[in-house]
**Q** 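Got a structure for you, written out below as structure tokens; questions coming shortly.
In listed order, ligands and their atoms are each counted from 1. Excluded from the calculations below are hydrogen atoms, water molecules and symmetry mates; all remaining heavy atoms, backbone and side chain alike, are included.
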Amino acid sequence: MKRQRITAPTGMHDILPDMQPYYKKVYKALEDIADFYDFQKIDTPIVEQLELFEKGTGSSTDVVQKQMYSFKTKGGDTLALRPEFTPGICRSYIEHGMFNLPQPVKVWFYGPLFRYERPQAGRYRQFNQCGFEIIGDENPVIDAQVIQIFYNLLKELKFKNLMIEINSIGDNQCRPYYKKSLANYFKYREAQLCSDCRRRLKENPLRILDCKEEKCQRIKSQAPQMIDYLCEGCKSHFKKVLEFLDELELPYHLNPFLVRGLDYYTKTVFEIFEDSKGTEGVNLNSALVGGGRYDALIKVLFGKDTPACGGAAGVERIVESLKEKIKGFSVSNPKFFLAQLGTMAKRKSLRLIEELRVEKIKIAETLGRDSLKTQLRTAGRIGVDYALILGQREALEDTIIIRNMATGKQDTVKLNKAVAEIKKRIK
Ligand code: HAM
């Protein structure tokens with residue numbers, strides 16, 4: 001019979017212990033930045049009502065049409081594993097009456113998301129995102145600050161050559177005119193579009209601009225640009241965002257075809273890329289960060305008309321790049337190793353370890369072992385300063401040997417004085 005192997009689900013991955021320091025580093029940088037800019041942490045459920053994403057993310061988006069993990073519960077509810085945070089956070093804002101708090105409400109988040117995508121480098125079916133949302137402020141300075149915060153987060157993580165792609169996709173006033181003009185343009189070229197884009201043409205021609213198919217990209221390069229259709233309000237908003245970015249000296253590139261794949265955006269949209277080989281080298285398929293303004297979303301979710309802006313970073317994508325930059329982490333090895341022999345010594349060792357834990361003194365051990373020789377070899381390999389030896393005789397006499405690993409000098413001390421003696425040896 002063929003031996004079966006059970007593996008992680010396609011597109012999902014374990015984060016093994018050797019990778020944890022990278023994730024920890026990202027989390028720490030995120031926490032520090034969030035604290036500095038005065039954001040509060042929010043956690044929302046991993047599953048939400050499917051309707052939240054259909055309404056919020058948008059039913060014409062690839063995320064909702066192709067990438068949702070949705071299911072019926074035993075009670076008959078239709079839920080979905082969250083493919084993004086923003087609609088859940090807006091739902092929470094409405095549900096908990098956060099509009100009664102001083103505005104804007106500034107929250108940050110971190111956690112796993114699920115998208116049924118074709119797995120490839122930097123694209124997973126389960127991945128982590130972190131990000132910031134500022135809800136309740138329409139000022140363009142907020143858009144610039146959100147971009148700056150992500151830029152700073154990446155800078156803190158030693159990213160160089162970052163490039164911000166930015167565009168405005170207008171609002172419900174001006175976008176319909178643009179969509180019409182775009183639909184006309186693509187209708188004329190419908191036969192040359194991929195089958196997905198022919199469907200997109202009917203549902204939402206903006207989505208064609210997102211298509212990664214080469215033939216569609218070629219056609220889109222001549223398409224009308226939103227910037228020429230912006231109403232006065234959106235134009236002035238965008239101009240101010242760019243002026244603030246200039247003030248902050250952030251490097252940006254106006255990308256007239258950046259529309260983002262989610263339905264709720266209004267006005268500013270942006271993505272941040274790492275450009276390792278000069279502008280030509282920017283890999284436009286794998287943004288580290290994506291975000292923008294979404295002034296209409298909270299109303300779509302039956303809340304009050306509330307402007308908002310935010311963004312999210314892909315943690316795996318950041319970590320993959322960090323791995324290239326940081327080749328290893330220094331770990332603080334324990335300075336002590338406890339070697340023991342026999343059942344009585346093991347019992348006393350357990351108690352001593354607890355006493356040391358209370359004193360926050362880190363100690364290495366291999367309690368399951370019995371050979372003192374093997375244990376001392378392990379102590380040598382770890383590179384501890386002292387070995388504490390509790391053999392059968394010491395266990396009987398209630399003593400312990402403290403051996404200086406560098407000099408070989410040994411002191412036998414009473415077990416009840418061991419912690420005090422160990423403390424003396426901490427430089
Ligand atoms: P998004 O562009 O769909 O935006 O995702 C943001 C980031 O998450 C991407 O730039 C990428 O780094 C990462 N990401 C997305 N999909 C995957 C995947 N399959 N595997 C690995 N990483 C991925 C949003 O989700 C919006 N909610 C962002 C936002 C917040 N807009 C306003 N507020």
**Q** Of the backbone atoms (N, CA, C, O) and the side-chain heavy atoms from C-beta on, which set of Leu113 has a member under 4.0 Å from an atom of ligand 1: side chain, backbone, both, or neither?
**A** neither

**Q** Which residue and atom name correspond to the protein heavy atom nearest atom 13 (C) of ligand 1, and how close is it?
**A** Gly314 CA, 3.5 Å

**Q** Starting at CE of Met19, measure out to CD of Glu320 and round the result to the nearest 0.5 Å.
**A** 7.5 Å

**Q** Considering only the protein, which heavy-atom contact is closest to atom 20 (N) of ligand 1, and what is its distance?
**A** Tyr124 N, 2.9 Å

**Q** Could you list which atoms of ligand 1 come closer than 4.0 Å to a heavy atom of Glu133?
**A** 30 (C), 32 (C), 33 (N)

**Q** Which residue supplies the protein heavy atom nearest to atom 22 (N) of ligand 1, what is that atom called, and how far is it?
**A** Phe127 CD1, 3.5 Å

**Q** Which atoms of ligand 1 are found less than 4.0 Å from any heavy atom of Leu262?
**A** 4 (O), 24 (C), 26 (C)

**Q** Heavy-atom contacts with Gly291 under 4.0 Å: which atoms of ligand 1 show up? List them by number with element.
**A** 31 (N)

**Q** Run the numbers for me: atoms of ligand 1, each under 4.0 Å from some heavy atom of Gly290, listed by number.
**A** 10 (O), 28 (C), 29 (C)

**Q** Describe, in one word, how the ring planes of Phe270 and Phe150 are oriented to each other, choosing from parallel (under 30°), tilted (30 to 60°) and perpendicular (over 60°).
**A** tilted

**Q** Among protein heavy atoms, which sits nearest to atom 19 (N) of ligand 1, and what does the distance come to when rounded to 0.1 Å?
**A** Glu117 OE2, 2.6 Å

**Q** Going by the closest heavy atom to atom 6 (C) of ligand 1, which one wins out of Gln67, Arg317, Gln129?
**A** Gln129

**Q** Under a 3.5 Å threshold, yes or no: a donor from one side chain and an acceptor from the other, between Asp171 and His237?
**A** no

**Q** When the ring planes of Phe329 and Tyr22 are compared, do they come out parallel, tilted or perpendicular, using 30° and 60° as the limits?
**A** perpendicular

**Q** Counting only heavy atoms, tell me which of Ala308, Ala313, Pro83, Ala287 gets closest to atom 9 (C) of ligand 1.
**A** Ala287

**Q** Which of the atoms in ligand 1, numbered in the order shown and given with their element, are less than 4.0 Å from a heavy-atom of Leu288?
**A** 10 (O), 12 (O)

**Q** Under 4.0 Å between a side-chain nitrogen and a carboxylate oxygen: does that hold for Arg357 and Glu354?
**A** yes

**Q** Testing the 3.5 Å rule here: is there a donor-acceptor pair between the side chains of Glu365 and Gln340?
**A** no

**Q** Give the residue and atom name of whichever protein heavy atom lies nearest to atom 21 (C) of ligand 1, and the separation in Å to one decimal.
**A** Gly122 O, 3.2 Å

**Q** Say whether Arg260 and Tyr265, considering side chains only, have a donor N or O and an acceptor N or O under 3.5 Å apart.
**A** yes

**Q** Would you kindly say whether Glu84 and Thr57 are connected by a side-chain donor-acceptor distance under 3.5 Å?
**A** yes

**Q** List the residues meeting side chain to side chain donor-acceptor pair (under 3.5 Å) with Glu243, not counting sequence neighbours, and say none if there are none.
**A** Lys239

**Q** N/O of Thr86 under 3.5 Å from N/O of ligand 1, yes or no?
**A** yes

**Q** What are the atoms of ligand 1, with element, lying closer than 4.0 Å to any heavy atom of Tyr265?
**A** 26 (C), 28 (C), 29 (C), 31 (N), 32 (C)

**Q** Under 3.5 Å, N or O to N or O, is Phe85 touching ligand 1 that way?
**A** no

**Q** Taking only heavy atoms of Tyr264, which atoms of ligand 1 are found under 4.0 Å from at least one of them?
**A** 26 (C), 27 (N), 31 (N)

**Q** Closest by any non-hydrogen atom to atom 1 (P) of ligand 1: pick that one out of Glu316, Glu84, Arg260.
**A** Arg260

**Q** At the 4.0 Å heavy-atom cut-off, does Gly131 count as touching ligand 1?
**A** no

**Q** Looking at Lys423 and Glu359, is there a salt bridge between them, counting it only when a charged N and a carboxylate O are closer than 4.0 Å?
**A** yes

**Q** Taking the six-membered ring of Phe159 (Phe, Tyr or Trp), confirm whether the NZ or CZ of Lys325 is under 6.0 Å from its centre and within 45° of its axis.
**A** yes

**Q** Is the gap between the ring centers of Tyr386 and Phe337 under 6.0 Å?
**A** no

